[in-house]
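Count residues from 1 along the sequence. Below, each value reflects all heavy atoms present in this structure, side chains not excepted, and no hydrogens, waters or symmetry copies.
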Amino acid sequence: MKRRPALALIVLLAAALAASCARDDTAEAVPEADLVVFSSHPDELATTIVDEFRERTGLRVRLVQDGTGALLSRLSAGERADVLWGGGAESLVANIGLFQPYESPERAAIPAALRDEDGYWTGLTVLPMVIMVNKRLLPEASTPSGWSDLCAPELAGAVAFADPASSASSYTILRTMMVAARVSAGGAPGAAWRFVEGFVDAIGGSTLSESAMVYRVVASGEYLVGLTYENAGAESLRLGSDIGIVYPADGTSAVPDGVAILRGAAHEEAARRFIDFVLGRDVAGVVAARFKRRSARVDVPAPEGLPPLESVRLLDYDFDAAVSEREATIERFAAMLEAAER
């Protein structure tokens with residue numbers, strides 16, 4: 001009789017162990033991905049290309065989507081992935097330690113200026129920064145022709161702009177506007193930040209959380225003007241939105257976005273196959289025709305309906321300064337926003 005409690009305890013422990021093993025078996029039964037891709041590309045573009053890659057290779061791909069800044073923060077904090085797909089070149093250079101070199105055979109079709117010389121990242125598309133306007137609501141006389149026009153009183157609080165701390169394209173736009181302001185002022189000291197002070201009023205002292213929101217709120221009429229990259233406006237046009245695209249008369253930039261293998265990638269061979277695929281001519285053709293993005297490849301023409309890049313006034317965009325001054329620029333801009341809220 002005295003042994004029964006001990007026997008009962010053994011039975012309970014055995015049952016608990018069996019349940020634990022069952023849970024472990026269930027966890028192991030969940031299929032692991034053959035490739036983990038972090039991407040800041042718009043949802044339709046990313047899923048279309050990843051689905052085609054899955055179809056061609058049979059690989060199980062886990063696609064994680066977020067803003068470039070957010071993805072880089074997650075990677076810096078130790079989250080694991082195999083590929084970073086998207087994000088402006090400034091962001092890639094600033095976080096070069098996260099990547100490992102890979103020289104895809106497709107690099108031969110991409111100009112040296114649009115890729116890292118040591119293979120840490122390779123340009124996928126070229127992104128001129130533009131002004132997007134709601135043609136239905138904004139009178140033609142009030143349509144800005146350049147960055148400097150954004151500070152007009154009638155546009156105060158009506159300009160949509162994503163947070164440059166989390167959006168790589170918005171950071172590029174901020175730096176581009178500053179370069180344009182400096183050039184327009186003949187290089188006068190302080191001209192760039194004087195422009196930014198007026199720009200803070202144009203955006204109502206606040207930013208949107210992600211770049212994908214910019215073209216949506218302009219197309220819907222919530223904002224009259226938005227600052228974005230060229231293909232976002234072109235895609236809105238393709239979908240029937242009554243918007244217009246303005247290439248700033250005071251000049252703009254055309255910085256590439258890129259793709260890179262992450263250091264310590266668990267699925268390195270699959271990552272290389274993915275990079276070869278997205279840099280290839282087939283994907284470049286789809287990206288240009290369907291999503292209106294200019295390919296970095298020299299053998300793929302500009303998307304139909306977009307002007308040749310040679311007709312757009314391009315500024316002498318200081319790539320190295322954009323990288324080295326990123327933290328200071330974002331901090332000062334954030335301080336201006338905070339002061340505007342008081």
Side-chain angles (χ1 to χ4, degrees), residues 42 44-45 88 125-164 167-181 183-184 195-255 291-294 302-309 311-315 333:
E44 186 181 359
L45 183 152
T125 62
V126 182
L127 305 171
M129 300 303 164
V130 301
I131 300 171
M132 178 179 174
V133 300
N134 186 305
K135 294 171 62 177
R136 186 178 72 257
L137 300 177
L138 186 66
E140 187 173 350
S142 299
T143 297
S145 63
W147 306 116
S148 59
D149 297 332
L150 297 173
C151 298
E154 60 267 29
L155 293 180
V159 178
F161 181 65
D163 183 358
S167 166
S169 60
S170 280
Y171 176 68
T172 301
I173 292 169
L174 178 61
R175 293 287 308 194
T176 300
M177 293 189 296
M178 293 173 68
V179 173
V183 170
S184 297
F195 166 81
V196 176
E197 288 177 2
F199 177 68
V200 168
D201 291 334
I203 62 175
S206 64
T207 59
L208 304 180
S209 60
E210 57 178 297
S211 56
M213 296 177 66
V214 172
Y215 44 92
R216 290 201 295 263
V217 297
V218 174
S220 68
E222 187 177 345
Y223 287 78
L224 299 178
V225 175
L227 309 187
T228 186
Y229 38 92
E230 175 189 59
N231 65 284
E235 178 66 2
S236 295
L237 281 172
R238 182 184 72 84
L239 296 174
S241 297
D242 192 12
I243 61 99
I245 299 174
V246 176
Y247 295 87
D250 40 3
T252 191
S253 61
V255 174
F291 299 105
K292 303 298 184 183
R293 296 179 80 114
R294 297 178 190 265
E304 184 178 358
L306 296 183
L309 197 58
S311 69
V312 177
R313 181 185 177 188
L314 295 179
L315 297 167
F333 181 70

Quiz prompt | Point-to-point distance, once rounded to the nearest 0.5 Å, from CG of Leu127 to CZ of Arg294 | solution = 10.0 Å

Practice problem: Find the distance between CG (Leu174) and CH2 (Trp147) and round it off to the nearest 0.5 Å. | Solution: 10.5 Å

Quiz item: At what distance, to the nearest 0.5 angstrom, does NZ of Lys292 lie from CG of Leu45?
Solution: 13.5 Å

Quiz prompt | Sub-4.5 Å side-chain heavy-atom contact between Pro42 and Arg293 | solution = yes

Quiz item: Got a donor-acceptor contact below 3.5 angstrom from the Asn134 side chain to the Val218 backbone?
Solution: yes

Quiz item: When rounded to the nearest 0.5 angstrom, what distance separates CG in Leu208 from CD in Glu222?
Solution: 8.0 Å

Quiz item: Val246 and Val130: which non-hydrogen atoms are nearest, and at how many Å?
Solution: O-CB, 3.5 Å

Self-check item: Other residues, nucleotides, ligands: >12 heavy atoms within 6.0 Å of Glu304 CD
Solution: no

Quiz item: Just how far is it from atom CD1 of Ile173 to atom OG of Ser167, taken to the nearest 0.5 Å?
Solution: 7.0 Å

Practice problem: Look only at the side chain of Asp250 and the backbone of Ala180, and say whether a donor-acceptor pair between them is shorter than 3.5 Å. | Solution: no

Quiz item: Mind checking whether Val159 and Leu227 have side chains closer than 4.5 Å, heavy atoms only?
Solution: yes

Self-check item: Short side-chain to backbone donor-acceptor contact, Ser142 and Leu138, under 3.5 Å
Solution: no

Quiz prompt | Minimum-distance pair of heavy atoms, taken over all atoms of Ala162 and Val214 | solution = N-CG2, 3.9 Å

Quiz item: Do Ser220 side-chain atoms and Val217 backbone N/O form a donor-acceptor pair below 3.5 Å?
Solution: yes

Quiz item: Atom CG in Leu309, atom OH in Tyr247: separation rounded to 0.5 Å?
Solution: 9.0 Å

Self-check item: Single hit among Lys135, Arg136, Met132 for side-chain contact (heavy atoms from CB on, under 4.5 Å) with Ile243
Solution: Met132

Exercise. Taking all heavy atoms of Phe161 and all of Ser170, pick out the closest pair and write down the distance.
Key: CZ-O, 3.4 Å

Practice problem: Determine the minimum heavy-atom distance between Ser253 and Thr176, stating which atoms define it. | Solution: OG-OG1, 2.7 Å

Self-check item: Candidate pair Thr252 and Ile131, rule side-chain contact (heavy atoms from CB on, under 4.5 Å), full reasoning
Solution: CA-CA 10 Å; Thr252 191; Ile131 300 171; over 6 Å; no

Practice problem: Indicate the atoms forming the closest heavy-atom contact of Tyr223 with Ala160, along with that distance. | Solution: CD2-N, 3.6 Å

Quiz item: Which heavy-atom pair separates Ala202 from Leu150 by the least distance, and what is that distance?
Solution: CB-O, 3.2 Å

Quiz item: Would you say the side chain of Phe199 lies within less than 4.5 Å of the side chain of Phe333, judging by non-hydrogen atoms?
Solution: yes

